[in-house]
Amino acid sequence: MTQELDPALVEEAYPLQQHLGFEIKAWSPDYARFELPLEPYLMNRYGIPHGGVHAVMLDTVMGFCGCYTGDRANPQLAMTLSLNVNFVGQAKGKLLIAEGRRTGGGRKTFFAEATVMDELGTKVASGTGVFRYRSRG
């Protein structure tokens, strides 16, 4: 079971996040959820969300799911070592929802899986990733 996001843990949006418009909506140990309203500037030449948007959402949600500390003053960061993306459907709605779960790992690296769906429940992408924890301090 996942919890809603503690507002005290929300970090200031970084430039790419601001530009694309995605927001963190839930974050707890081994889990994260981001949402992105679909806007015209996110579409490809066919009028559907660009695959790179799905990849960014998967990469972001998987990176966050393995880095929860519950302490804004003591953040944990990670960098992507490997990212696999599968495009499995076409969004029908107006909102993308990415959910990521940490599936394993150790002291220096972790593994995660994620999905991107629209608010109607249409699965549009899935992915797996390997991430390396960044040194703190």
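Numbers here are sequence positions counted from 1. A quick note: this is a predicted structure, and the numbers were derived from the prediction, not measured.
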Smallest separation among heavy atoms of L58 and A125, with atom names: CD1-CB, 4.1 Å
According to a hydrophobic-cluster definition based on side-chain heavy atoms being under 4.5 Å apart (Ile, Leu, Val, Met, Phe, Trp, Tyr only), do M62 and F87 belong together? yes
What closest approach, in Å, do S126 and V88 show between heavy atoms, and which atom pair accounts for it? OG-CG1, 4.5 Å
Reported NE2-to-CG distance for the pair H19 and L42, which is rounded to 0.5 angstrom: 8.0 Å
So does Y41 have more than 12 non-hydrogen atoms from other groups sitting under 6.0 Å from OH? yes
Donor-acceptor side-chain pairing of N74 and T69 below 3.5 angstrom: no
Is there a path of hydrophobic side-chain contacts, each under 4.5 Å between heavy atoms, that joins F22 and V10? yes
Rounded at 0.5 Å granularity, tell me how far CZ in R101 sits from OG1 in T128. 15.0 Å
Any idea which heavy atoms bring G63 and F110 closest together, and the distance? O-CZ, 3.7 Å
R134 CZ: over 12 foreign heavy atoms closer than 6.0 Å: no
The test is side-chain contact (heavy atoms from CB on, under 4.5 Å); show your working for F131 and D59 and say whether it passes. CA-CA 10 Å; F131 300 82; D59 187 31; 3.5 Å; yes
Criterion side-chain contact (heavy atoms from CB on, under 4.5 Å) on M43 and L38, from CA distance to verdict: CA-CA 8 Å; M43 305 305 166; L38 290 175; 3.8 Å; yes
Quick one: does E23's side chain get under 4.5 Å of F34's, heavy atoms only? no
Would Y31 and E99 count as having a side-chain donor-acceptor pair, cut-off 3.5 Å? yes
Separation of K25 NZ from E35 CD (nearest 0.5 Å): 5.5 Å
Indicate if V124 and L120 have the same hydrophobic cluster label, given that clusters are the connected sets of ILVMFWY residues with side-chain heavy-atom separations under 4.5 angstrom. no
Mind listing the closest non-hydrogen atom pair of L83 and A55 along with its distance? CD2-O, 4.2 Å
Mind checking whether L95 and P37 have side chains closer than 4.5 Å, heavy atoms only? yes
Using side-chain contact (heavy atoms from CB on, under 4.5 Å), reason through C65 and D30 one step at a time and then give a plain yes or no. CA-CA 5 Å; C65 77; D30 300 332; 6.0 Å; no
Rounded to the nearest 0.5 Å, the CG atom of L9 sits from the CG atom of D71 at a distance of 8.0 Å
In Å and rounded to the nearest 0.5 Å, what is the CE to NZ distance from M117 to K123? 8.0 Å
Co-membership, hydrophobic cluster, residues I97 and V56, 4.5 Å side-chain: no
Non-hydrogen atoms of Q90 and T122 that approach each other most closely: O-CG2, 3.4 Å
L96 and H54, any side-chain heavy atoms less than 4.5 Å apart: yes
So, for V116 and A98, which heavy atoms are closest and what is the spacing to 0.1 Å? CG2-CB, 4.1 Å
Between H50 and V53, does the side-chain contact (heavy atoms from CB on, under 4.5 Å) criterion hold? Intermediate values first, please. CA-CA 5 Å; H50 190 284; V53 172; 4.2 Å; yes
Would L20 end up clustered with F64 when hydrophobic side chains under 4.5 Å apart are linked, directly or stepwise? yes
Please report the interatomic distance CG(L81) to NZ(K108), rounded to the nearest 0.5 Å. 12.0 Å
